[in-house]
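As structure tokens, the structure follows; a few thoughts come after it.
Values below: every heavy atom of this structure, side chains too, minus hydrogens, waters and symmetry copies. Below, read A as the first sequence line, B as the second, and so on, with proteins coming before strands; counting in each chain starts at 1. Keep in mind the model is a prediction, meaning the values are calculated, not measured.
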Amino acid sequence: MVAELDFEKPLIELRRKIIELKEFMKTAEVDLSAEIEKLEARLAKLENDIYSNLTPWDRVQIARHPQRPTTLDYITRLFTHFLECHGDRCFGDDEAIVGGIAKYDGLPVTVIGHQRGKDTKENIRRNFGMPHPEGYRKALRLMKQAEKFQRPIICFIDTKGAYPGKAAEERGQSEAIARNLFEMSGLTVPIVCIVIGEGGSGGALALGVGNHIHMLENSTYSVISPEGAAAILWKDAALAQRAAETMKITAHDLKELGVIDEIIPEVRGGAHRDVDQQAAEIDKVLKRSLQQLLKLDGETLVQQRYEKFKQIGQFTFSHDDLRVR
Amino acid sequence: MWKDIFIKKKKYASIPSQQVRYEVPEGIMTKCPKCKKIMYTKELIKNLRVCMSCGYHHTMPSRERIDSLLDEGSFREYDADMISVNPLQFPGYMEKLEEDRRKSNLNEAVVTGEGTLNGYPLVIAVMDSAFRMGSMGSVVGEKITRAIEKARELHVPFLIFTASGGARMQEGVLSLMQMAKTSAALKLFSDEGGLIISVMTHPTTGGVSASFASLGDYNFAEPGALIGFAGRRVIEQTVREELPEDFQTAEFLLKHGQLDAVIHRHDLKETLTTVLDIHQGGGEHGWWQS
């Protein structure tokens, strides 16, 4: 059973009613099929209304859905021969990031992603998908290896952020993230990044310096969580809903701001409703991306990546009209 | 010596504009937040804003920093009139910018340009916490990126002084992306042999510490500077453990292997000169050439 979200409540009501009527029809000798048909039509209309008018806050809820597919869910569906590689060779193995080598429809690739847990036990082991410096250093080690053997890199982004803790600071969380941004921008192999859930700030970006960046329709990517923004800006974390709207964090917003390349459509109601179908949607976009990027040589890839990030941002000059964007 | 050319020539003059003279209205007296001693502001400025009694490093405005390091008249500013827009239509953002422009006499949270330090030509970027807490939005990212590109073009070292609360929230994800942009520019510069020196001053946190501030070939910091990724309060709330008193200070980072050195402001110019000198190959005469 899929856990329902707040905004889906009217649908649950209606679905329950339909089931009740069907049950009743089986036991009692009454023909309610006309009634049921009417309700089903209403359900379809309501579903359409709700799912095609999702607010940013609704999408935040979907992105955080406990059953939302994770990196490993997609790795098992999109790749074969996945061999997970552990450890940063300096300190330890951070299970909040998984990575390794695999084949993508026959093509050798390196695949890396943030990894949340599916239940409390796994979440504790994986630190709720919030990496420590050794996680980022493991990712970088695998990326450098990919470059050595000229394999494309695919990154799945799905984290609330880099872990804010004492040990993380001691071991250089800032440096680990900065180093990844620095080194990723110079890699001579194609990098495709896909935001599959929450893209939380620097902790997400540390796997995000790609030639192409795509986002699932209901994923988010932001400089700070809506709660964090509300707490800092309006001193009230309860205003997260408003912050989600103001901060422009949805896939559509990011496309408009020129940050991402493609929005990957999601299964109606969210990726968790049909993981296989969702993987197939990702497959289409990923294949197209790689086909384009594999044509480019190393130098061009580095240049393309630099140009891509260079153009992000909006400013003007004081002698110009302020309204010019 | 060839570097004398740069001292003699003084081919660049500071761009005269109303904000060049730092006439920030200040009291005649300043109280040291650490030792509570009250002193003449003028004397404090003369002492590079280092407290005469306890050595506390007061915040140093970007223009004073540049004056204290670069050879007189050598500084030429880049992109002085680049200013922010409101890409997210964030309520109240433009007013806040306007207010800070007035209060700080700065157009944005970073001043960039080129000049010479004891004769050594370089490109310099100095962040200023007086403007929006030194936070990085599109303008800060773009100015720093352009400065790095300029250093790359001129084949001179890039020196950056950081002071920032992190990414600027009012520009949302565009601020976040400036981390990648500046880091990518440094990578291209570095791959061509460019020298990067980062000096972290109080405070250097969040997205700035997690990008260019940490990417120097040499990472220095001023004594007592707060440097870290996550805020102390956030960490206390998540880990629920007692944090050491010196947590996230320059000294703490040095102890944990995150910095090359902590340098007193009075020794900074000399140290930077040494680094620049060593990277010039040691001069033109010596036994190693024969």
| message | Rounded to the nearest 0.5 Å, what separates atom CZ in B:Phe90 from atom OG1 in A:Thr246? | response | 5.5 Å
| Under 3.5 Å: donor-acceptor pair, side chain of B:Lys181, backbone of A:Ile312 | yes
| Where B:Gln178 and A:Gly313 come nearest, the two heavy atoms and their spacing | NE2-CA, 3.7 Å
| task | Considering only heavy atoms and a distance below 4.5 Å, find which of B:Gln237, B:Lys255, B:Glu108, B:Gln248 pairs most often with chain A. | result | B:Gln248
| task | Locate the shortest heavy-atom distance separating A:Ser185 from B:Ala184; write the atom from each residue and the value. | result | OG-CA, 3.3 Å
| request: Could you give me the CA-CA distance, side-chain angles and deciding distance for A:Leu254 and B:Val173, then say whether side chain to side chain contact (heavy atoms under 4.5 Å, CB included) is met? | output: CA-CA 8 Å; A:Leu254 268 83; B:Val173 75; 3.8 Å; yes
| Are the side chain of B:Ser138 and the backbone of A:Gln314 linked by a donor-acceptor contact shorter than 3.5 Å? | yes
| message | Side chains of A:Phe317 and B:Ile83, heavy atoms from C-beta outward: is any pair under 4.5 Å? | response | no
| Student check: side-chain heavy atoms of B:Val85 and A:Phe315 closer than 4.5 Å | no
| request: Enter the distance from A:Phe182:CZ to B:Phe189:CZ here, rounded to the nearest 0.5 Å. | output: 10.0 Å
| remark: In terms of heavy-atom pairs under 4.5 Å with chain B, the winner among A:Gln173, A:Lys248, A:Glu169 is A:Glu169
| said: Just checking B:Glu242: does its CD atom have more than 12 heavy atoms from other residues, nucleotides or ligands closer to it than 6.0 angstrom? | reply: no
| request: Could you look at B:Leu253 and say if it's the side chain, the backbone, both or neither that has a heavy atom under 4.5 Å from chain A? | output: neither
| task | Heavy-atom pairs under 4.5 Å with chain B are the metric here; pick the option from A:Ile249, A:Leu233, A:Val302, A:Ile224 that has the most. | result | A:Leu233
| field | Option that, when pairs with chain A are counted at under 4.5 Å, heavy atom only, ranks first among B:Ala210, B:Ala213, B:Ser214, B:Pro91 | value | B:Ala210
| field | Flag side-chain contact, heavy atom, 4.5 Å: B:Leu176 against A:Ser201 | value | yes
| request: Measure distances from A:Ala176 to the heavy atoms of chain B and classify the residue's part below 4.5 Å as side chain, backbone, both or neither. | output: neither
| query | Closest heavy-atom contact between B:Ala167 and A:Val223? | reply | CB-CG2, 3.5 Å
| request: May I ask you to list the residues in residues 139-153 of chain B that approach chain A closer than 4.5 angstrom, counting heavy atoms only, ordered by number? | output: B:Val139, B:Glu142, B:Thr145, B:Arg146, B:Glu149
| message | If you count heavy-atom pairs within less than 4.5 Å of chain B, which of A:Gly165, A:Gly161, A:Gly202, A:Ala168 leads? | response | A:Gly165
| message | As an exercise: rank B:Ser211, B:Gly92, B:Gly257, B:Gly206 by heavy-atom pairs under 4.5 Å with chain A and give me the winner. | response | B:Ser211
| What part of B:Phe252 gets closer than 4.5 Å to chain A, counting heavy atoms only: side chain, backbone, both or neither? | side chain
| query | With chain A, which of B:Gly166, B:Gly172, B:Ser190 has the greatest number of heavy-atom pairs at distances under 4.5 Å? | reply | B:Gly172
| field | chain B contact via A:Ser222 - side chain, backbone, both or neither, heavy atoms under 4.5 Å | value | backbone
| request: Check A:Val209, A:Val259, A:Leu257 against B:Met177 for a side-chain contact (heavy atoms from CB on, under 4.5 Å) and give me the one that passes. | output: A:Val259
| query | Do you know which two heavy atoms are closest between A:Ile232 and B:Met169, and how far apart they sit? | reply | CG2-CE, 3.2 Å
| said: I need the residue from B:Ser175, B:Ser183, B:Gly228 with the largest number of non-hydrogen atom pairs under 4.5 Å to chain A. | reply: B:Ser183
| remark: Looking only at heavy atoms, the pair that brings B:Ala180 and A:Leu181 closest together is N-CD1, 4.2 Å
| task | Can you tell which part of A:Arg171 gets under 4.5 Å to a heavy atom of chain B, answering side chain, backbone, both or neither? | result | backbone
| Could you give the distance from CD (A:Glu245) to CG (B:Leu88), rounded to the nearest 0.5 Å? | 13.0 Å
| task | Count the heavy atoms belonging to other residues, nucleotides or ligands that lie under 6.0 Å from CD of A:Glu307, then report whether that count exceeds 12. | result | yes
| note | CD1 (B:Ile227) and CD (A:Glu175) are apart, to the nearest 0.5 Å, by 13.0 Å
